[in-house]
Amino acid sequence: QVQLVESGGGSVQAGGSLKLSCVASGYTYNSYCMGWFRQVPGKEREGLATIITGGGTADYVDAVKGRFTIYYDSAKNTLYLQMNSLQPKDTAMYYCVADPWRANCGLGMSYNNFRHRGQGTQVTVSS
């Protein structure tokens with residue numbers, strides 16, 4: 001059974017940085033499409049970035065390009081999201097997602113397209 005456990009959220013001032021981690025266990029395929037989504041109460045979940053664990057170009061939403069970096073450490077089975085230059089509008093619950101590799105891996109996939117989803121970690125950015 002695949003499990004995704006996020007950590008690294010917290011409170012930070014505007015302009016600061018945080019690094020989110022998502023430890024994956026129970027993987028049975030050689031490659032997965034993984035990503036990060038976020039949600040603000042009352043709004044739809046927003047896809048931020050995706051990556052293929054076996055290697056491949058990452059996909060970012062415009063709102064985080066140049067500020068956030070997604071990467072995967074296969075030795076640790078851990079997905080990361082390095083977030084720099086954080087702004088109050090980045091305040092949200094952040095979710096890690098994963099699905100067995102697919103050719104259309106990217107932000108065209110909705111949150112519900114991913115078979116596996118973590119419980120989320122809260123990020124709060126104050127001005």
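By the 4.5 Å heavy-atom criterion applied to side chains, V23 and K76 are not counted as neighbours. Residues M83 and V123 meet the side-chain proximity criterion, which asks for heavy atoms closer than 4.5 Å. With contacts defined as side-chain heavy-atom distances shorter than 4.5 Å, the pair T124/V12 does not qualify. Considering only heavy atoms from C-beta on, L79 comes within 4.5 Å of I51 through its side chain. Using a 4.5 Å cut-off on side-chain heavy atoms (C-beta onward), M34 and L4 make contact. Side-chain atoms of R38 and D90, non-hydrogen and from C-beta on, do get closer than 4.5 Å to each other. Taking the side chain as every heavy atom from C-beta outward, L48 and Y94 approach each other to under 4.5 Å. Proximity of L20 to T121: side-chain heavy atoms (C-beta onward) are separated by under 4.5 Å at one or more points.
Taking CD1 from I70 and CG from L81, the interatomic distance works out to 6.5 Å, rounded to the nearest 0.5 Å. From Q3, atom CD reaches atom NE2 of H116 across 11.0 Å, with rounding to the nearest 0.5 Å. Distance check, rounded to the nearest 0.5 Å: OG of S126 to CD of Q13 gives 5.0 Å.
Nearest heavy-atom pair, S31 versus G54, reported as atom, atom and distance to 0.1 Å: OG-N, 3.3 Å. Contact detail for A63 and E46: the closest heavy-atom pair is CB-OE2, 4.3 Å. Counting all heavy atoms, side chain and backbone alike, C105 lies closest to I52 at SG-CG1, 3.7 Å. Closest approach of A92 to Q122, counting heavy atoms only: O-NE2, 3.3 Å. Taking all atoms of both residues into account, the shortest heavy-atom contact from T78 to S21 is CG2-CB, 4.1 Å. The two residues G118 and Y111 make their nearest non-hydrogen contact at O-OH, 4.3 Å.
In this structure, the side chain of D99 does not engage the main chain of C33 through any donor-acceptor pair within 3.5 Å. Between the side chain of N77 and the backbone N or O of S25, no donor-acceptor pair lies under 3.5 Å. Using modelled atom types, no side-chain atom of Q82 and backbone atom of T69 make a donor-acceptor pair closer than 3.5 Å.
In this structure, F37 and F114 have perpendicular ring planes: the angle between them is above 60°, well past the 30° mark.
Taking hydrophobic clusters as Ile, Leu, Val, Met, Phe, Trp and Tyr residues chained together by side-chain heavy-atom distances below 4.5 Å, F68 shares a cluster with L107. When the side chains of ILVMFWY residues are joined at heavy-atom separations under 4.5 Å, either directly or via intervening members, Y80 and Y72 end up in two distinct hydrophobic clusters. Residues L86 and W36 share a single hydrophobic cluster, defined by chaining ILVMFWY side chains whose heavy atoms lie under 4.5 Å apart.
Taking the six-membered ring wherever Trp is involved, the centroid distance between the rings of Y27 and Y32 falls below 6.0 Å.
Side-chain polar atoms of R117 and Y95 form no donor-acceptor pair below 3.5 angstrom.
Atom CD of Q87 has more than 12 heavy atoms from other residues, nucleotides or ligands within 6.0 Å. Atom OH of Y29 is surrounded by 12 or fewer heavy atoms from other residues, nucleotides or ligands within 6.0 Å. Open room surrounds CG on N30; 12 or fewer heavy atoms of other groups in view lie less than 6.0 Å from it.
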Original post:
Taking it one step at a time, do S17 and N84 satisfy side chain to side chain donor-acceptor pair (under 3.5 Å)?
Top reply: CA-CA 4 Å; S17 298; N84 299 327; 2.9 Å; yes

